[in-house]
Amino acid sequence: MLPRKYRLKNQKAFNATYKNHKIVSNSLLTLYIGKEKKDPTSPTKAGFVVSKKYHKRAVKRNRIKRLMREVCRLTLKQGELGKLNKYMSFILIPKEETLNKKFKDVNEAFYNLLDRIK
RNA sequence: AGGAGCAGCCGGAUAAUCGCGCAGAUGAAAAACUCUGUGAGGAAAGUCCGGGCACCCGAGGACAAACCGCCUGAUAACGUCAGGUGCGGGCGACCGUGAGGAUAGUGCCACAGAAAUGCAGACUGCCGAUGAAUCUCUAACGAGAUAACAGGCGAUGGUGCAACGGUGAGGUAAGAGCUCACCGGCAAGAUUGAGAGGUCUUGGCCAGGUAAACCCCGGUUGGGUGCAAGGUUGACUAAAAGGUUAAGGUGUCCGCCGUCUUUUGACAAACCGCUGGAGCUUGCAGGCAACUGUAAGUCGAGACAGAUGAUUAUCUUGAAACAGAACCCGGCUUAUGAGCUGCUCCUUUUU
RNA sequence: CGGGAUGUAGCGCAGCUUGGUAGCGCACCGUGUUCGGGUCGCGGGGGUCGCAAGUUCGAAUCUUGUCAUCCCGA
């Protein structure tokens, strides 16, 4: 789990990130990126979305969210966010194939996305 | 040994590293850091019932409506549970059961069939005892035959889920509960049980099915909304440009309100409710049991983008099923891996 | 979290109230018309009525349970 200050919180923040229309994706994950920071010292916030349409069972949805969070946490800890540091926020959304994947696969997919940010 | 029935248990473990929610300590306070404690289920699920709690409306009675439907008990309550009765299934342990009323009334019963409910006599049929007719035999009385006119009868009837009791015997012209025996069902009486009901006796032979069709009978229920209920304390009731026969407020125009499009705006909330309760564990007492009473001990999540995870190693049986609290309880239903325990029944073998 | 609705042929729907025959349009197949295709005419095939129990002689229809999909409110 991420420490609280790195979490993306309310409805407005999510909508603002979506509206920026800056999207990167591969076969496992989709990444929405927010606007550039005004204050460079404030932390980059992360949001995770798994809709009820993705899977009916709460246990499966929780599992995906936890995997994504863990990936972000470890990346953040090692300071390897790279270009994402410039931005205020990002949102991660899984794809259908992500359902039964392991930690390694999700981790690789996330690093793949980081490399492709302009 | 094999097969089966019922009841119950468990719901991966250990270690290391990196992390999260809540509470407490540290702290003037907030944030951060550190330490300690604690942190999902038997179904948390489906939302099918019943309550608590909160607010709004109502406040007397009747009807209506909805729901329930063998009996007795349990419970805060229930459509739930326990024990019993009847019926059905199984060799049995045991299991299932929406199971009031069809002589209160109405409706429906396709096709087939003579007929599907006003308990029928129309049709198909059976009979020729009785009365009449014709013929034959006889001296006569009378006997026999023919058709079935009057008449008698309700047995027979490719059907159908179902045909106004069934089987057998007697009886008769033919027949019929007309009579008898047994069976089924109905009614009355006696007896027994707290009751549903059980048992016995007698009677007459009278009664199709469907109420998860309308309905009748009996019983229960104030109605609605649901913790995003509801309450407390603060703050905001955003801004700019353009359009408006693309809806409207006036009959028209302008303006205004409203509305539409575009752009900008990521601090605009915090707290209570919120978990100590029809609570859990153990003992004792009452009860066949559900459950109740009582004594002692005990506190086991409380989030708000929403906490239990990730990686590695070892082990169980090869890596572990179904599945995540969101106001709280009582049930029901459904999903579920590998196994274990107790009691009981049946079959076979040995002593 | 709460509330409501719908599952019938490949697709879109009717039939359910009042239980006995599952039907309509498009699509599909065959055939006729045409030089050929379309249109049009004629004929035909295709449905576990979401699933499972029950009531009934008999269930798409009635009752109960269950599964899936969609919509609405906050």
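Quick note on labels: first sequence line is chain A, next is B, and so on, each numbered from 1.
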Residues forming a side-chain contact (heavy atoms from CB on, under 4.5 Å) with Thr30(A), sequence neighbours excluded: Ile23(A), Ser25(A), Tyr32(A), Ile93(A), Lys95(A)

Contacts of type side-chain contact (heavy atoms from CB on, under 4.5 Å), residue Leu67(A), not counting sequence neighbours: Arg63(A), Phe103(A), Val106(A)

Using the [atom1] atom on both, measure [N] against [M] and round to a whole Å.
{"N": "C328(B)", "M": "A321(B)", "atom1": "P", "result": "28 Å"}
{"N": "U47(B)", "M": "G100(B)", "atom1": "C1'", "result": "32 Å"}
{"N": "C272(B)", "M": "G46(B)", "atom1": "P", "result": "29 Å"}
{"N": "U72(B)", "M": "C322(B)", "atom1": "C1'", "result": "40 Å"}
{"N": "G208(B)", "M": "A162(B)", "atom1": "C1'", "result": "7 Å"}
{"N": "U106(B)", "M": "A64(B)", "atom1": "P", "result": "22 Å"}
{"N": "A44(B)", "M": "C329(B)", "atom1": "C1'", "result": "14 Å"}
{"N": "A82(B)", "M": "G193(B)", "atom1": "P", "result": "29 Å"}

Is [Y] close to [X] at the side-chain level, that is, under 4.5 Å between some pair of heavy atoms?
{"X": "Leu31(A)", "Y": "Ile91(A)", "answer": "no"}
{"X": "Lys65(A)", "Y": "Arg61(A)", "answer": "no"}
{"X": "Tyr111(A)", "Y": "Thr75(A)", "answer": "yes"}
{"X": "Met68(A)", "Y": "Leu29(A)", "answer": "yes"}

Give the rounded distance in Å between these two atoms: [atom1] of [X] and [atom2] of [N].
{"X": "Lys65(A)", "N": "G324(B)", "atom1": "NZ", "atom2": "P", "result": "14 Å"}
{"X": "Phe48(A)", "N": "C20(B)", "atom1": "CZ", "atom2": "P", "result": "14 Å"}
{"X": "Ile64(A)", "N": "G309(B)", "atom1": "CD1", "atom2": "P", "result": "15 Å"}

Backbone N/O of Glu108(A) and side chain of Asp105(A): donor-acceptor pair under 3.5 Å: no

Check: Asn112(A) side chain, Asn26(A) main-chain N or O, donor-acceptor pair, under 3.5 Å: no

Any strand is fair game: report the nucleotide pairing with [N] by Watson-Crick or G-U wobble, both distances under 3.5 Å, or none.
{"N": "A82(B)", "result": "U72(B)"}
{"N": "A295(B)", "result": "U282(B)"}
{"N": "G107(B)", "result": "U210(B)"}
{"N": "A120(B)", "result": "none"}
{"N": "A32(B)", "result": "none"}
{"N": "U261(B)", "result": "A241(B)"}
{"N": "C10(B)", "result": "none"}
{"N": "C18(B)", "result": "G309(B)"}

Side chain to side chain donor-acceptor pair (under 3.5 Å) involving Asn62(A) - partner list, sequence neighbours excluded: none

Shortest non-hydrogen contact from Val49(A) toward Pro94(A): O-CD, 3.2 Å

Residue mapping more 5' on RNA chain B - nearest nucleotide basis, Ala58(A) or Lys102(A): Lys102(A)

Nearest-nucleotide comparison on RNA chain B, the residue closer to the 5′ end among Lys104(A) and Val49(A): Val49(A)

Distance, nearest 0.5 Å, that separates CD of Glu70(A) from CG of Asn107(A): 9.5 Å

Nearest-0.5 Å distance, CZ of residue Phe90(A) to CG of residue Leu114(A): 8.0 Å

Please tabulate the protein-to-nucleotide N/O contacts below 3.5 Å involving nucleotides 12-18 of chain B, giving atom names and distances.
{"unit_1": "C18(B)", "atom_1": "O3'", "unit_2": "Lys77(A)", "atom_2": "NZ", "d": "2.8"}
{"unit_1": "C18(B)", "atom_1": "O2'", "unit_2": "Arg73(A)", "atom_2": "NH1", "d": "2.9"}
{"unit_1": "C18(B)", "atom_1": "O2'", "unit_2": "Lys77(A)", "atom_2": "NZ", "d": "3.1"}
{"unit_1": "C18(B)", "atom_1": "O2", "unit_2": "Arg73(A)", "atom_2": "NH2", "d": "3.1"}

Check: Arg66(A) side chain, G324(B) base, donor-acceptor under 3.5 Å: yes

Base-pair map of RNA chain C as dot-bracket, where | denotes pairing with a different strand and pairs are Watson-Crick or G-U under 3.5 Å: (((((((..((((......[..)))).(((((.......))))).....(((((..]....)))))))))))).

Phosphate OP1/OP2 of A307(B) contacted by Arg69(A) side-chain N/O (<4.0 Å): yes

Tabulate protein N/O versus nucleotide N/O from nucleotides 67-69 of chain C, keeping only pairs under 3.5 Å, one per line.
{"unit_1": "A68(C)", "atom_1": "OP1", "unit_2": "Lys56(A)", "atom_2": "NZ", "d": "3.2"}
{"unit_1": "A68(C)", "atom_1": "OP2", "unit_2": "Lys56(A)", "atom_2": "NZ", "d": "2.9"}

